[in-house]
Amino acid sequence: MSTTRNILLTETERSLAASFPASFHWGAATASYQIEGATREDGRGPSIWDAFSETPGKVYQGHTGEVAADHYHRMAEDVALMAKLGLDSYRFSIAWPRILPKGTGAINEKGLDFYDRLVDALLAHQIQPYVTLYHWDLPLTLHQRGGWLSRETAFAFADYAEIVARRLGDRVKHWITLNEPWCSAYLGYAVGVHAPGMQDRQAAVNAGHHLLLAHGLAVPRVRAASPDCKLGLALNLGPRYPGDDRPETARDLDRADMFANRWLLDPLYRGSYPAQLFELMELDAPPIEEGDLTIISTPIDFLGLNYYTRAVVYGQEQPPHPDACKESNPADATYTAMQWEIFPQGLRDMLVRLHQEYHIPSLYITENGAAFNDTWNGGETISDPGRVSYLRDHIAAVADAIRDGAPVDGYFVWSLMDNFEWAYGYDKRFGIVYVDYESQQRVIKESGRWYAQHIAAFHDIHRPL
Ligand code: FCB
C-alpha cells in the first residue's frame with residue numbers, strides 16, 4: 001500500500017501493535033470549527049468562535065475558521081483518506097449552529113444533511129463514527145442570551161442533542177456530549193483566551209456547572225433517540241507530579257489536581273464537587289439547584305480522555321488558589337511546538353487512576369497528539385520524526401495502562417489533519433496529514449504512514465486464520 005511505503009515497523013513496534021486486544025479501536029479526531037470552513041453556507045448561523053476570531057488581537061494573525069481545511073466541501077476526499085490510513089473509527093463534532101442557526105427553534109435541514117452524508121460515507125468505508133455534540137462552537141444567539149452563564153443554555157443543548165440523535169442515531173452508536181468542558185469554562189470565561197473571551201473566575205465556575213448540567217440533561221435524550229448507543233464525554237485531564245518533597249508542595253499538588261482534574265471528574269463520577277474547591281478559590285459555589293448533581297452524575301458508558309502533557313507542582317509559601325499553583329516542567333525535557341512537555345507516562349498514570357479511583361468501566365483516548373513545525377517541500381511526504389515518536393511512545397503508554405488493568409477501548413490521534421488551532425490559528429500543526437492551506441492539498445506525513453502501518457500490523461496479528 002502506498003501509504004505505508006518507506007517506513008517499516010521495528011520488531012518492538014510490531015509487538016506493541018500485537019499487545020492490544022482484538023476489540024481495540026484505532027481512529028483520528030477533528031472538530032467542526034477547526035476543519036469545516038463554509039461558516040456562512042447552507043444556512044449555518046454564527047458561533048462564538050466566529051465572533052471571537054473576528055475580534056482583532058484574539059487569534060494569531062487574525063486567522064479565522066472561515067475556510068479552515070475546507071472539509072465541508074472536501075468531505076468525500078477526507079473520508080477516502082481515512083480509509084487509506086486504515087482507520088476503523090473517526091471522531092468528529094457537529095456544529096450546533098449548522099443544525100439550529102439560532103441555537104434553538106428552527107431546524108436547518110441542510111446542516112443535518114451534511115452530517116448525514118458524512119456518517120453514510122464513513123460507514124461505507126467501515127469507519128465507525130464517534131460524534132461529539134459540542135466542541136466549542138456555541139451559537140452566537142445563545143451567547144447573546146447569556147451563553148453558558150445561563151441555565152437555559154443547558155436545556156437548549158439537550159434539545160439540540162436530541163434533534164441530532166433522532167436524525168443520526170440509527171447509524172451512530174457512539175456519542176460524546178461535550179468536548180473538554182474545563183476549557184470551555186475556564187479558558188473561555190476566566191482566562192479569556194478562548195471564546196467568548198471573558199475574564200471572570202466566578203463566571204467560569206458558573207459556566208462549568210451549566211456545561212455539566214447540559215451533559216447530564218442530554219444523556220437520557222440521546223439514549224432514547226439512539227437505541228443501543230454508547231455515550232460519554234471527553235475531558236482534558238493532566239496528571240500533576242510533585243517537584244520536591246516539601247509539605248507545601250504536597251498541599252499545592254492536591255490543590256492543583258483538584259482544579260485541573262477533580263473539579264469536573266468528581267461531580268460526574270461522585271455526584272459532588274470536591275469539598276473546599278470553591279472556598280479555596282475564594283469564590284461562591286456555582287448556582288446548583290436541587291437535583292443538579294444527580295442529573296450530572298447520570299451513569300454514562302465511557303469516558304474520553306484527551307491527554308497531551310503533565311505538570312510539575314512546586315509549593316509556594318503562601319497557600320495559593322487552586323487555579324494559581326506554581327507549575328513548571330523540567331528544563332531538560334523534550335517539548336512540542338506548543339511548549340508542552342512530552343511525557344507519555346502521564347497518559348498511563350491517568351488511565352490507571354481513572355480505573356482505580358473512579359472505577360470507570362470503559363475509557364477511550366479521545367485525543368492525543370503533538371504539534372511540530374512541519375514543512376512541506378512539495379514532495380510526496382513530510383518528515384515528522386518527532387510526531388512518530390510521540391505517537392509510538394504514547395501508544396506504548398496505553399499498552400502499559402491496559403496491562404495494569406485500565407479498561408481502554410480505543411485511541412484517537414489528534415488530529416487527522418492540520419487545522420485551525422484555536423487562539424494559535426493555523427500556526428500550529430497537529431495533523432498526521434499535512435494541509436497546504438493555499439491549495440488545500442492533503443499530504444500524508446510520515447507519522448500518518450507510521451500510524452497506518454501500526455494499524456495494519458494490529459490487523460495482521462488479529463486476522464482470523
Ligand atoms: C484540545 C482540543 C482540540 C485541539 C487540541 C490540540 O484541547 O480539544 O480541539 O485543539 O487541544
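Both ligands and their constituent atoms are indexed starting at 1 by order of listing.
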Original post:
So Thr30 and Tyr90, side chain to side chain donor-acceptor pair (under 3.5 Å) or not? Walk me through it.
Top reply: CA-CA 8 Å; Thr30 62; Tyr90 173 52; 2.6 Å; yes
Original post:
Below 4.0 angstrom, N of the basic side chain to O of the carboxylate: do Lys110 and Asp116 qualify?
Top reply: no
Subject >> Straight-line distance of Arg449 CZ to Asp384 CG, nearest 0.5 Å >> reply: 10.5 Å
Which atom pairs, donor and acceptor, lie under 3.5 Å between side-chain atoms of residues 331-340 and protein residues at least two apart or in another chain?
{"residue": "Tyr335", "atom": "OH", "partner": "Asn329", "partner atom": "O", "Å": "3.4"}
{"residue": "Tyr335", "atom": "OH", "partner": "Pro330", "partner atom": "O", "Å": "2.5"}
{"residue": "Thr336", "atom": "OG1", "partner": "Met338", "partner atom": "N", "Å": "3.2"}

Enumerate, one pair per line, all nitrogen or oxygen atoms of ligand 1 lying under 3.5 Å from a protein nitrogen or oxygen, stating the separation to 0.1 Å; write 'none' if no such pair exists.
{"residue": "ligand 1", "atom": "7 (O)", "partner": "Glu180", "partner atom": "OE1", "Å": "2.5"}
{"residue": "ligand 1", "atom": "7 (O)", "partner": "Glu180", "partner atom": "OE2", "Å": "3.0"}
{"residue": "ligand 1", "atom": "8 (O)", "partner": "His135", "partner atom": "NE2", "Å": "3.3"}
{"residue": "ligand 1", "atom": "8 (O)", "partner": "Asn179", "partner atom": "ND2", "Å": "2.9"}
{"residue": "ligand 1", "atom": "8 (O)", "partner": "Glu180", "partner atom": "OE1", "Å": "3.4"}
{"residue": "ligand 1", "atom": "8 (O)", "partner": "Glu180", "partner atom": "OE2", "Å": "3.3"}
{"residue": "ligand 1", "atom": "8 (O)", "partner": "Glu367", "partner atom": "OE1", "Å": "3.1"}
{"residue": "ligand 1", "atom": "8 (O)", "partner": "Glu367", "partner atom": "OE2", "Å": "3.0"}
{"residue": "ligand 1", "atom": "9 (O)", "partner": "Gln34", "partner atom": "OE1", "Å": "2.8"}
{"residue": "ligand 1", "atom": "9 (O)", "partner": "His135", "partner atom": "NE2", "Å": "2.8"}
{"residue": "ligand 1", "atom": "9 (O)", "partner": "Trp422", "partner atom": "NE1", "Å": "3.0"}
{"residue": "ligand 1", "atom": "10 (O)", "partner": "Gln34", "partner atom": "NE2", "Å": "3.3"}
{"residue": "ligand 1", "atom": "10 (O)", "partner": "Glu421", "partner atom": "OE1", "Å": "2.7"}
{"residue": "ligand 1", "atom": "10 (O)", "partner": "Glu421", "partner atom": "OE2", "Å": "3.1"}
{"residue": "ligand 1", "atom": "10 (O)", "partner": "Trp422", "partner atom": "NE1", "Å": "2.9"}

Original post:
What pairs with Tyr186 under side chain to side chain donor-acceptor pair (under 3.5 Å), at least two apart in sequence or on another chain?
Top reply: Asp323
Subject >> ring-ring contact (aromatic ring centres under 6.0 Å, His included) contacts touching residues 347-374 (sequence neighbours left out) >> reply: Tyr130-Tyr364, Phe302-Tyr364
